[in-house]
Number of protein chains: 2
Amino acid sequence: MATKEFDTTRERIIDAAGEIFAQRGFDSTTVREICQSAGANVAAVNYYFGDKQRLYVEAVVRAHRWRMERAKLPEWSADTSPQQKLRDFITTFIRRVRTGPADTWHSRLVMREIGNPSAACAELVQSSIRPQFDLLTGILREILPNVTNEKELHLTTFSIVGQCLFYHFADPVVRNLLDAKEYDGLDVEKLAAHIATFSLAALKQRATRAGATR
Amino acid sequence: MATKEFDTTRERIIDAAGEIFAQRGFDSTTVREICQSAGANVAAVNYYFGDKQRLYVEAVVRAHRWRMERAKLPEWSADTSPQQKLRDFITTFIRRVRTGPADTWHSRLVMREIGNPSAACAELVQSSIRPQFDLLTGILREILPNVTNEKELHLTTFSIVGQCLFYHFADPVVRNLLDAKEYDGLDVEKLAAHIATFSLAALKQRATRAGATR
DNA sequence: GTGTGTTTCAAACTGTTGTTTCAATCAATT
DNA sequence: AATTGATTGAAACAACAGTTTGAAACACAC
């Protein structure tokens, strides 16, 4: 009998559930489907998790943790330029966001929670977004020291994050608009590089304009 | 007996269905709930639409048409600058995208179809995206005549569209990050203006860089 | 081998869902 | 008023969903 964590019935159920919840959402996913995929009996959900809802929460918690471990920001030294920080931020963000057919369910499930928060997990996911938001806003303050309008900083943050999130939320669109070769060529580094370049260019113009008005 | 279109049972059902489908998606929406909201009997769905699926399709078709009529691009003369075209495009796009509590269900439903296409409506929605994509890419070609790399143009298009779509897909996040006053102040014109400014700044830098290498 | 706790399983249960059925009512026409 | 087609509504149906039940099987310790 294998003792590895991922071989137990409980783990197999979480894995199967995560996969299907990520694809279909909570309501459209049935316990029977999860258990069939996991090679388990439907009573196991009650036995290990109590009910479907708690299984869902467990899957989201698991996805969230995985995502945070997998896509870490690099350590920045005191002399890292804010531009480099922004590049790193964007690259890391895209790593967390970009989910293709070959990717696991973790990012996909968290993204689903972000777009359609469930009562049970809203706090968990939202509370992890705030620090990222503040971090990015802080980087923007370094790049744009003369821009003191908080609202503008927020909108700028959203403009950058929006570009990153696009590749998840609009994935079916992107897939349809591009030919297969071009779509398959959209790797994380390429996307991150483009978004960073686009955004830094905009910020550079903004900084120049802010400087000029002084 | 009123003869106005929106007073008939059939119309009331479509309206109620659209609202709830937009909020909850197809699977999580029940026929009983729709009919209760519409003040109709559950048999009416079969009578007027045949089944739930066809009601859904009707709602999406209706949403799509409404959206296209509501948010039209202005007529451009031959001497409209590509920068102004881009501003107009973004403003119109945001009008189609931005759905707040006070808005109707039409945009919301189409956005849902975009992010999670259903077999029944994929063609309809996707086929309306292509012309918009080509239009925006065309505008970008005017702004960046020296950039001939199609892939880069596509990514740039996505960067602009991603900013716009953000305000729909990440709405729960935005609501959570901002205080109520700031969130309520996010009107279409303000958002469009910021996105246009940010994007035109980036493009200006890009055009300058492209020109400089000549 | 016995006892105890854990895990698994098939069947059952209860409630819900989309759909259908059929008769009553309504509306329009002659 | 009678006829015909349209519309409505309550009840029924079949399938399915989440959950529970209780016994069998398993695992481990003594």
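Letters go in sequence order (proteins before strands), and every chain restarts at 1. This structure is a prediction, so every number in the text was calculated from the model and none was measured.
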Can you tell me which nucleotide in D:dT19, C:dG18, C:dT20 comes closest to the side chain of B:Val31? C:dG18

From CD1 of A:Ile20 over to P of D:dA17, roughly how many Å is that when rounded to an integer? 12 Å

Please check if any side-chain donor atom of B:His168 sits under 3.5 Å from a side-chain acceptor atom of B:Ser107, or the reverse. no

Does C:dT20 have OP1 or OP2 under 4.0 Å away from a side-chain N or O of B:Asn46? yes

N/O-N/O pairs, protein side and nucleotides 14-16 of chain D side, under 3.5 Å:
none

Aromatic ring proximity, centroids under 6.0 angstrom, A:Phe133 and A:Phe158: yes

Within a 6.0 Å radius of atom CD on A:Gln84, are there more than 12 heavy atoms belonging to other residues, nucleotides or ligands? yes

Among residues 48-60 of chain A, which contact DNA chain D at a heavy-atom distance under 4.0 Å? A:Asp51, A:Lys52

Side-chain donor-acceptor pair present, B:Arg10, B:Tyr48, cut-off under 3.5 Å: no

Please pick, from D:dT8, D:dA11, C:dT8, the nucleotide with the shortest atom-to-atom distance to any side-chain atom of B:Val42. D:dA11

State the CD1-CG distance between B:Ile195 and A:Leu155, to the nearest 0.5 angstrom. 8.0 Å

Could you grab the distance from atom CZ of A:Phe21 to atom CZ of A:Arg112, nearest 0.5 Å is fine? 10.5 Å

Atom pair CZ (A:Arg24) and CG (B:Asp27), whose distance is rounded to the nearest 0.5 Å: 7.0 Å

Strictly below 4.0 Å, N to O, side chains only: are B:Arg95 and B:Glu189 in salt-bridge contact? yes

Spacing between A:Tyr47 atom OH and D:dG22 atom C1', to the nearest angstrom: 14 Å

Considering all heavy atoms, the nearest A:Ala63-A:Trp105 contact: CB-CZ3, 3.7 Å

A:Arg10 CZ - C:dT6 P separation (whole Å): 14 Å

What contact category does B:Ser28 fall into here, base, sugar-phosphate, or nothing, at under 4.0 angstrom with non-hydrogen atoms? nothing

Take atom CD of A:Glu11 and atom C1' of C:dT7, then tell me their distance rounded to the nearest Å. 15 Å

Does OP1 or OP2 of C:dT7 have a side-chain N or O of A:Asn41 closer than 4.0 Å? no

Taking only the side-chain nitrogens and oxygens of B:Thr9, find out if one of them lies under 4.0 Å from OP1 or OP2 of D:dT7. no

Over how many whole Å does the gap from B:Phe21 atom CZ to C:dG18 atom C1' extend? 12 Å

